[in-house]
Amino acid sequence: MRYNHSEIEKKWQEKWVKEKTFAAKSDYTLPKFFALVEFPYPSGQGLHVGHPRSYTALDIVSRKRRLEGYNVLYPMGWDAFGLPTENFAMKNHIHPEVVTKNNVARFKAQLQSLGLSFDWDREINTTDPSYYKWTQWIFVQLFKKGLAYKKEMNVNFCTGCKVVLANEEVVNGVCERCGSQVVHKNKSQWMLKITEYADRLVDDLDGLEYAERVSTQQKNWIGRSYGTEVNFDTTAGEVLTVYTTRADTLFGATYMVMSPEHAYIQKWMDEGKLNNADEVTAYRDAAAHKSDFERTELNKEKTGVRLDGVMGINPVNGLEIPIFISDYVLASYGTGAIMAVPGHDTRDWEFAKKFNLPIIEVVKGGDVEKEAFVDCHTGVMVNSGFLTGKTVQEAIPAMQAWLTEQGKGQKKVNFKLRDWVFSRQRYWGEPIPMVWCDKCGWVPLPEDQLPLTLPELKDFEPTTDGESPLSRLTDWVNTTCPHCGGAAKRETDTMPQWAGSSWYFLRYMDPHNDKALVSPEAVNYWGPVDWYNGGMEHTTLHLLYSRFWHKFLYDIGVVPTKEPYAKRTSHGMILGENGEKMSKSRGNVVNPDDIVSEYGADTMRLYEMFIGDFEKAAPWSSNSIRGCRRFLERVWFLQDKLVDGDGIRPALEVSIHKTIRKVGEDIEGLKYNTAIAAMMALMNDFDQNGGATREEYRILLLLLNPFAPHITEELWEKMNYGGQLAHAKWPVYDEAKCENKTAEIAIQINGKIRSRIQVSVDGEQAEILAIAKADPKVAAELEGKTIIKELYVKGKLVNIVAK
RNA sequence: GCGGGCAUGGUGGAAUUGGCAGACACGCAGGAUUUAGGAUCCUGUGGAGUAUUCCGUGUGGGUUCAAGUCCCACUGCCCGCACCA
């Protein structure tokens, strides 16, 4: 009988839905396992072949865990707010809600056609008011704790999307999403104080099982640095504070640089202290008009203007040094001003060379006339008063102690991380549940008035000045103050897409609760997520944001754990057949629907896991996929090649036990490709031994089930093994049966293989060496030579060193 | 520029962590079956050679009885950060 994948897959998928085979149980006494994959944004393009790579991987883990007796929660939902839907809606004059509904239906059908064992009873959707009620609720709590604040600020504004972007969404000065130019705008924005959690977001990574590249990327992004703030007196009177990580080099500071936006500059101009105010103003204006892109693009040549009329005073030696403004100093980091040590900082060195400023060597080890000597591990201090003779590592704390004692500075920790710009001037997002009252200021909506639902709107276009389209709905905007009852106005900005995804995993634990975001019982049982897999592109956005929100929820007692995810892994991209990223314009897109209909979901799943190292990018190959189909056919036709016997035949014993061990270990270690290879090898073994016994076949079906659930379930039924495979038990192996009693070992002479012999694995070294030397080829080779050394590696090889 | 990673057949990739390189699969070649095949099955397949031989894991050097694996230098790709003081 031929292997009819369409029929078999349809049959089992319907059965799984009908019988709720994979629904998580609410029995909180069972051992639990919560597997999570990033819920997709239901785009109009439908599922991409990249999605199933992640989903199948954790589906395999989930299915294995169920067979091992765990109560598994493997849920799915929709991260459905966002710009593409809104843009599509505008273009085609369809309401985003309708667009979302259609896209979700398509995605869901596609996911179900892959036989993923999601618990569909717990499906969530971020655009559902019963869901975003709690997103808004969290925002209100953040506001109440002072972690959400509104601030007039210079923001990144995407000229394409007409929307404010978070720092994380700006890549190389352009919009991460659409690639349009990003310009600066002054706007009043809701901000979230993620910086308050910066230390914890770094420190708590240590207790987690995160893929190393993930935790390093987060650490780099947060960018914690330990340094010193140093106060320089100025001839203008003000104290100019700078931040440095190299307090040891203070004696080498020959000038100072302020960012063009530094507040003192305006003050000094206003007070008439600058002799070249015109020149300074011109430079500041030019800097202000540059986009981030230009400011970073033009970083080859340093520019700047000296502030004529004000000098800084170096606190260690009282010397007066000039002050410049330059856009290589960032207003948003440290104090917005630096001390420049051209001898030991590359940027300062370039600047000093261009403006002909003195370069003083204070750390010995390089040639500061040729280039800056920046090494902080090898040098010794010179020309540095009380620091002379010390190493850099000794000099830093010594200088910090001195500065503190003199009241001229102190230790300071800085971060690259900035607060999270949380406002979006768009329609298709969660309304921010805040009301502005002239008397009371910003007032959150009372919790019993949540959710604040999105009002109906026909025209989703943002206003020309970049205000949210909601601002046009004056009836909706004008309201009363929940606090004093006076006239008030609603906030018209909405939340960014990252809001709903920052806590969604919690909702899966208790999706229908209308009293709380999640019940304490549910979160105590299910939390934290045991294994979370997702893309590297979410490391500094979604993953960081959700860790921040979770820590906040921990602080206010909603969740019992400090961290949301115990383990985080990341899959590589699936590239087009030509090795390039799949895209419509490159014409190398593979549609999962086509693969499922031609080869079946089981083949598709197997292939995506076999394609290569799970963590690395891999190109699609329409040839290789046939190999996976062939393998499944061989498994299918094994039902006609049953051999007599009850258990495992002695000849197959080692092979089977080893395969059970290998498949189990490889699933846990993200090595799906070698797990499949091991099963293929076992299949080859069966063929070489005339087929399989009932028991041998049963074990193969169990091992293969997490990868190819439909075909194995069908065969399980046909073979009458009893019940459904989904309710069976994962096989166990016997360590003692994983090794052969005898092995063929190699005999090397001076490291070159000269012969091979069969020996008992448990044989003594002396015994094996004797057998080896008795081998005719070896004996001939050793004739007339003196043996210098003899080695035996158990079960592997013998090496005889002879001259 | 700084930081991290990788480099293995025609291809995707294995290699129990220093112990028989190339598992498994694709592709290719030959054969069987077939009216036919881009279907299925068998056999072969790192290179050179008549060989019971030699060479072989980006390049050059080193450590070791033994190196794809460890160390040093170089080359080439990929990723992250990108004036963060």
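Lettering follows sequence order; numbering is per chain, from 1.
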I'd like the [atom1] distance from [M] over to [N], given in whole Å.
{"N": "A14(B)", "M": "A25(B)", "atom1": "P", "result": "15 Å"}
{"N": "G46(B)", "M": "C26(B)", "atom1": "P", "result": "16 Å"}
{"N": "G44(B)", "M": "G22(B)", "atom1": "C1'", "result": "16 Å"}
{"N": "G4(B)", "M": "A82(B)", "atom1": "C1'", "result": "14 Å"}
{"N": "A21(B)", "M": "U16(B)", "atom1": "P", "result": "14 Å"}
{"N": "U63(B)", "M": "A73(B)", "atom1": "C1'", "result": "15 Å"}
{"N": "G18(B)", "M": "A67(B)", "atom1": "C1'", "result": "7 Å"}
{"N": "C70(B)", "M": "U17(B)", "atom1": "P", "result": "14 Å"}

* Asked: With a 3.5 Å cut-off and just heavy-atom distances, do the side chain of Asn623(A) and the base of C26(B) make a donor-acceptor pair?
  -> no
* Would you kindly check whether a donor in the side chain of Lys416(A) faces an acceptor in the base of C81(B), or vice versa, at under 3.5 angstrom? => no
Determine the contact category for [X]: base if any of its heavy atoms lies under 4.0 Å from a base atom, sugar-phosphate if only primed atoms, P, OP1 or OP2 are that close, otherwise nothing.
{"X": "Arg213(A)", "value": "nothing"}
{"X": "Asn673(A)", "value": "sugar-phosphate"}
{"X": "Arg754(A)", "value": "sugar-phosphate"}
{"X": "Thr216(A)", "value": "nothing"}
{"X": "Phe631(A)", "value": "nothing"}
{"X": "Ile753(A)", "value": "sugar-phosphate"}
{"X": "Ile611(A)", "value": "sugar-phosphate"}
{"X": "Val329(A)", "value": "base"}
{"X": "Lys752(A)", "value": "sugar-phosphate"}
{"X": "Ser624(A)", "value": "sugar-phosphate"}
{"X": "Glu744(A)", "value": "base"}
{"X": "Asn414(A)", "value": "nothing"}

* **Residue matched to U16(B) through Watson-Crick or wobble contacts both under 3.5 angstrom** => none
* Partner nucleotide, any strand, of U45(B) [Watson-Crick/G-U, under 3.5 Å] -> G27(B)
* Heavy-atom side-chain proximity of His262(A) to Ile325(A) below 4.5 angstrom -> no
* Is Lys773(A) paired with Glu790(A) through a side-chain N to carboxylate O contact shorter than 4.0 Å? -> yes
* Output the single nucleotide from C65(B), A14(B), C83(B) whose closest atom is nearest the side chain of Asp613(A). => A14(B)
* **Minimum-distance nucleotide to Trp221(A) side chain [options: C42(B), A85(B), C81(B)]** => C81(B)
* Asked: Pick one for U17(B): is it syn, with its angle within 90° of 0, or anti?
  -> syn
* Structure fact -> Judged by whether its glycosidic angle lies within 90° of 0, G68(B) is anti
Round to the nearest Å and state the distance from [X] atom [atom1] to [N] atom [atom2].
{"X": "Asp666(A)", "N": "A15(B)", "atom1": "CG", "atom2": "C1'", "answer": "13 Å"}
{"X": "Lys796(A)", "N": "A21(B)", "atom1": "NZ", "atom2": "C1'", "answer": "15 Å"}
{"X": "Leu791(A)", "N": "A67(B)", "atom1": "CG", "atom2": "P", "answer": "13 Å"}
{"X": "Gln217(A)", "N": "G80(B)", "atom1": "CD", "atom2": "P", "answer": "7 Å"}

